[in-house]
Amino acid sequence: MDALAVDDGHRPAVIEFKREATGSMIGQALAYVDWLLAHQDAVALRVARVLGINEADRLDWSAPRLLCVAEGFGLREEASPASCVIASSL
């Protein structure tokens, strides 16, 4: 996981950066989302330390976000459902 963030809707967000996405980026990023959901207490503790307890208490785990950022995406990433690929090529 390259970065962990909290969006304006208080949803945790996994951000994965690659120079070029060539087939495994989405699967790798989805594995990070699984990890995030399995470790909600640890993530909430980190959020509390960085952003404060109020922000940690407001985390919305119902729909964590996944953002994949790359200079270019391969055919496999482009064929992924829009719900998986949020950021387009830069």
Side-chain angles (χ1 to χ4, degrees):
M1 178 179 332
D2 292 321
L4 175 63
V6 177
D7 73 6
D8 291 342
H10 307 286
R11 294 173 297 195
V14 170
I15 305 171
E16 182 67 14
F17 298 99
K18 296 282 187 209
R19 182 167 304 281
E20 185 173 333
T22 58
S24 63
M25 181 182 203
I26 301 298
Q28 181 180 10
L30 288 171
Y32 293 146
V33 171
D34 285 343
W35 179 92
L36 182 86
L37 291 171
H39 296 88
Q40 291 180 22
D41 290 341
V43 172
L45 180 60
R46 182 67 179 156
V47 170
R49 288 181 180 162
V50 174
L51 300 176
I53 192 73
N54 289 338
E55 286 300 315
D57 287 343
R58 296 174 69 187
L59 287 173
D60 177 3
W61 293 99
S62 66
R65 300 202 50 204
L66 169 58
L67 295 105
C68 296
V69 181
E71 287 182 24
F73 290 97
L75 294 176
R76 293 176 80 184
E77 282 78 16
E78 289 179 7
S80 296
S83 61
C84 291
V85 180
I86 298 170
S88 60
S89 299
L90 298 177

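These numbers were taken from a predicted model, which means no experiment stands behind them.
Transitive grouping of hydrophobic side chains (ILVMFWY, heavy atoms separated by less than 4.5 Å) keeps L45 and L4 in distinct clusters.
By the 4.5 Å heavy-atom criterion applied to side chains, P12 and V14 are not counted as neighbours. Considering only heavy atoms from C-beta on, Y32 stays 4.5 Å or farther from I15 through its side chain.
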May I have the list of side-chain donor-acceptor pairs in residues 50-59 shorter than 3.5 Å, sequence neighbours left out?
| from | atom 1 | to | atom 2 | distance (Å) |
| --- | --- | --- | --- | --- |
| E55 | OE1 | H10 | ND1 | 3.3 |
| R58 | NH2 | H10 | NE2 | 2.8 |

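If you take SG on C68 and CG on D2, they are separated by 10.0 Å, rounding to the nearest 0.5 Å.
By the salt bridge (charged side-chain N to carboxylate O under 4.0 Å, His left out) test, D7 pairs with R11, R65, sequence neighbours left out.
Counting all heavy atoms, side chain and backbone alike, G9 lies closest to D60 at O-CB, 4.0 Å.
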